[in-house]
Amino acid sequence: MGNFIGDSGPDTTPCGKPAAVAHYFTEKSWIEGSALQQLADMAQMPGMLSIAGFPDLHPGKYGPVGMAALSTRLYPQLIGTDIGCGMGLFELDLPLRKFKIEKAAEALRQLETPAFGQMNSEAMDNARSLVAKADTLGTIGGGNHFCEIQAVDELLCPEASVHLDRQKTYLLVHSGSRNLGASVFAETLAGNASLDEGLDPASDAGIAWLTRHDLCVDWAALNRQIIAERAAAVLRTEVRLIADVPHNLVRAAAHGHVHYKGAAAVTAGGIAPIAGSRASLSYVVEPLAGAAISHWAISHGAGRKYDRRNMHGRTGNTRSEREGLLRNAWGGVAICDDRRLAVEEAAGAYKNAAQVVEDLAGHGLVRPLAAMKPLVTYKKVDIDHDEAKRDKGRERRQERRQKRG
DNA sequence: ATGTGC
């Protein structure tokens, strides 16, 4: 476990020794130098006790993504905007033998359009009881978020059949707290002169953030449940939750709070999905008792190899390249009407999830249960993106004209 | 990440 800073007390570490940084990856997982530097910088932060870096580690805005950090102080900026973001794995009541990719893709295009406000759902009632304004409830969002129908590609150990069945189909939902988490983070930045020294968890500011953080975490899990229910509704089937694992949050521990940033916060006895890209295999793993050493954190996905900006121009330059981005090696399809997003989320932007799983297993953190293949991935539907944009521009010009008189 | 920013 993490090394303890001595008797001076962990709250007063500016001149103390830096926190221990442990790497749970091998040289086979290429890690960008700037991400390692961000880990090293974090080790100097006041109250920081122990940091774990995972094989999907990559640079982020306020700190690296793919890490878990135990600290006596709270660092909201290490968690960022999408508080409570995570992955939900569901079993669909839709046997693989009856499953048709094209038909399912057509149905799933309706995922975010139906009058889901009329859906009768306990999850929806619960989410609405948490926050009055919940207009983004049941929506996936952008970036790396998705809702994907999967099937077992390979069972990797005999015990896997307890959880997963080759004859069934599954749903992996990656989403978070949408504009709720974004507003909590914006208010936290505005309400604190600096977050450089972190917040005392017992202070008013610390409690204020923790309280709203907890709400985001709960809301995000309900959001994933509702997305799954909406997917089931348009596919005319049912869903059953297998595992919901957040990877963007803090959790109270014996000696402080563990900050999970793009690192799945797992529990003993559960299972967890590790997402590949939309054109590569994802995995389901069982966290082992050995994961206690990494603060019960493991990787949450393949991890980016190229940042979003870097991807533009690399692919999607021709019509055939763009069409290729929406197909995969298993005959699966992706629904993504946003060209830029499709390029940013191309399989080539990501590292290999198989290597991530191998590194985690090699460090005794997980046992791989299954490889899962992508059949239909819902990213974003935009009926007429360009027209909407033109309308917006027209409205703005008209407003300006009216202002001038 | 964010009904994204000019």
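Because only heavy atoms are used, hydrogens play no part in the values below, and waters and symmetry mates are left out as well, while side chains stay in.
Within 4.0 Å (heavy atoms only), A:Gly181 reaches no atom of the nucleic acid at all. Within 4.0 Å (heavy atoms only), A:Gly142 reaches sugar-phosphate atoms of the nucleic acid but no base atom. Within the 4.0 angstrom heavy-atom criterion, only backbone atoms of the sugar-phosphate kind lie near A:Arg308; the bases stay farther away. Contacts of A:Gly143 with the nucleic acid, taken as non-hydrogen atoms under 4.0 Å apart, involve only primed sugar atoms and P, OP1 or OP2. Within the 4.0 angstrom heavy-atom criterion, no nucleotide atom of any strand lies near A:Asn248.
When rounded to the nearest whole Å, the span between CG of A:Asp337 and C1' of B:dG3 equals 17 Å. A:Ile140 places its CD1 atom 18 Å from the P atom of B:dT4, with the value rounded to the nearest Å. Distance A:Arg340 CZ to B:dT2 C1': 16 Å, rounded to the nearest Å. The distance from atom CG of A:Leu137 to atom P of B:dT2 is 14 Å, rounded to the nearest whole Å. Rounded to whole angstrom, the span from the NZ atom of A:Lys380 across to the P atom of B:dG3 amounts to 9 Å. Per the geometry, CD1 belonging to A:Ile79 stands 15 Å off P belonging to B:dA1, to the nearest Å. Rounded to an integer number of Å, the gap from CZ of A:Arg309 to P of B:dG5 is 15 Å. The nearest whole Å value for the distance from the CG atom in A:Leu189 to the C1' atom in B:dA1 is 13 Å.
Looking at A:Arg240 and A:Asp93, no side-chain N of the basic residue comes within less than 4.0 Å of a carboxylate O on the acidic one, giving no salt bridge. Between A:Arg308 and A:Glu345 there is a salt bridge, with a side-chain nitrogen of the basic residue lying less than 4.0 Å from a carboxylate oxygen of the acidic one. The pair A:Asp135-A:Lys133 counts as a salt bridge, with a side-chain nitrogen and a carboxylate oxygen less than 4.0 angstrom apart.
Distances shown here put a side-chain N or O of A:Arg178 below 4.0 Å from the OP1 or OP2 atom of B:dT2.
Screening A:Arg109, A:Arg322, A:Lys379 for a salt bridge (Lys or Arg N to Asp or Glu O under 4.0 Å) involving A:Asp337 leaves a single residue, A:Arg109. Across A:Tyr24, A:Phe54, A:Phe25, a single residue satisfies ring-ring contact (aromatic ring centres under 6.0 Å, His included) together with A:His363, and that is A:Tyr24.
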